[in-house]
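Read the structure below first, then the notes.
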Amino acid sequence: MKPATTAAARPASDVRVNLAMPVTRVGFGPFSFDPVEQMIGAPLTDILESLMTGPVYRRPSVAGPAVDVYPLALPDGEGATIPLAQFGEIGFRNEGGLLVLTVPWGMSAWLRQKLGDAIVRGPEGGLSLDGTARVANAWVRLRPGMRASFPLGALGEVGVEAG
């Protein structure tokens with residue numbers, strides 16, 4: 001990933017999205033544990049830092065529990081992928097002004113349902129970066145206010161919102 005740039009210095013061609021992720025940190029007295037951080041090998045903030053336009057903030061999810069929201073600006077060709085072990089991965093990147101979303105293959109119908117005619121290509125099948133799971137890629141033309149989230153029950157949701 002490229003080094004961080006200030007929001008004022010970011011070009012207009014950046015794709016701006018808010019990534020909503022469930023709050024997964026669990027605390028037991030002075031100890032805390034985050035299973036997602038353990039699975040991906042680093043805090044999500046560290047992975048996304050160079051793409052962030054502001055601090056992470058917390059809000060209620062559609063399902064109720066709080067989610068952490070990461071405000072991002074994706075320069076052309078930039079993005080990030082979050083590995084999900086045997087389930088594949090969740091990823092996003094800017095490809096020529098389109099947001100390319102990568103989800104586990106089983107979520108491709110959900111992606112089509114949520115984003116409809118905003119999808120200009122796909123979902124197309126592929127393999128996760130480690131080559132062990134099937135994933136779907138969809139090229140999306142974002143519109144202001146557009147949002148797609150996948151409810152995770154008691155954990156809240158994972159989603160993207162046009163920024």
Side-chain angles (χ1 to χ4, degrees), residues 1-2 4-24 36 40 44-84 87-129 133-163:
M1 290 185 204
K2 295 180 184 176
T5 17
T6 65
R10 294 188 188 276
S13 62
D14 285 358
V15 170
R16 293 185 174 268
V17 295
N18 293 326
L19 174 66
M21 294 292 290
V23 176
T24 54
V36 172
I40 63 177
L44 190 54
T45 305
D46 290 356
I47 294 171
L48 299 175
E49 185 176 38
S50 69
L51 302 172
M52 293 176 57
T53 61
V56 176
Y57 61 93
R58 194 163 282 176
R59 68 159 172 77
S61 74
V62 174
V67 292
D68 284 333
V69 179
Y70 300 81
L72 307 173
L74 309 174
D76 193 18
E78 294 291 318
T81 300
I82 302 165
L84 300 174
F87 303 108
E89 61 202 19
I90 294 175
F92 46 88
R93 71 180 184 277
N94 176 352
E95 192 172 292
L98 296 175
L99 177 65
V100 182
L101 293 174
T102 301
V103 298
W105 179 251
M107 293 178 64
S108 59
W110 168 84
L111 199 58
R112 229 181 271 112
Q113 175 201 11
K114 283 293 191 180
L115 298 175
D117 64 354
I119 296 176
V120 297
R121 180 176 152 203
E124 295 177 359
L127 289 176
S128 57
L129 291 176
R134 287 188 43 108
V135 296
N137 295 294
W139 287 254
V140 180
R141 179 165 281 110
L142 291 177
R143 294 185 295 263
M146 185 176 220
R147 173 187 161 95
S149 64
F150 187 79
L152 298 172
L155 290 177
E157 66 183 284
V158 62
V160 291
E161 308 158 350

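Residue indices begin at 1 and follow the sequence shown.
- Of the inter-residue distances, the one linking R143 atom CZ with D117 atom CG reads 5.0 Å to the nearest 0.5 angstrom.
- Of the residues I90, N137, L115, the one that meets the side chain to side chain contact (heavy atoms under 4.5 Å, CB included) test with L101 is L115.
- The structure places CG of D68 at 7.5 Å from OG1 of T45, a figure rounded to the nearest 0.5 Å.
- Distance CG/L44 to CG/L19: 6.5 Å, rounded to 0.5 Å.
- Residue P104 comes nearest to F87 through the heavy atom pair CB-O, 3.1 Å, listed as atom of the first residue, atom of the second, then distance.
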*List the steps and the verdict of side chain to side chain contact (heavy atoms under 4.5 Å, CB included) for N18 and Y57.*
CA-CA 10 Å; N18 293 326; Y57 61 93; 4.0 Å; yes
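- Atoms CG and CG, from L74 and L48 in turn, are 9.0 Å apart once rounded to the nearest 0.5 Å.
- Among D76, I119, V15, V120, the one residue that satisfies the side chain to side chain contact (heavy atoms under 4.5 Å, CB included) test with L98 is V120.
- Of all the heavy atoms in V67 and A20, the pair that sits closest is CG2-CB, 4.2 Å.
- Looking only at side-chain heavy atoms (C-beta outward), W139 and V100 come within less than 4.5 Å of each other.
- The two atoms that bring A138 and L111 nearest to each other are CB-CD2, 3.5 Å, heavy atoms only.
- Residues meeting the salt bridge (charged side-chain N to carboxylate O under 4.0 Å, His left out) test with E89, sequence neighbours left out: none.
- Listed by chain and number, the residues in a side chain to side chain donor-acceptor pair (under 3.5 Å) with S108 amount to none (sequence neighbours excluded).
- Heavy atoms only, all atoms of each residue included: T81 and P83 are closest at O-CD, 3.7 Å.
- Residue-environment remark: CZ (R141) stays at or below the threshold of 12 foreign heavy atoms within 6.0 Å.
- By the salt bridge (charged side-chain N to carboxylate O under 4.0 Å, His left out) test, R121 is found to be paired with E124, residues two or more places apart in sequence or in another chain being considered.
- Minimum heavy-atom separation, A73 to D14: CB-OD2, 3.8 Å.
- Here CD1 of I47 is found 9.5 Å from OH of Y70. Values are rounded to the nearest 0.5 Å.
- Listed here is the closest heavy atom pair of R16 and L142: O-CD1, 4.0 Å.
- Of the possible donor and acceptor atoms, one in the side chain of S128 sits under 3.5 Å from a partner among the backbone N and O of A133.
- L127 CG to T102 OG1: the interatomic distance, rounded to the nearest 0.5 Å, is 11.5 Å.
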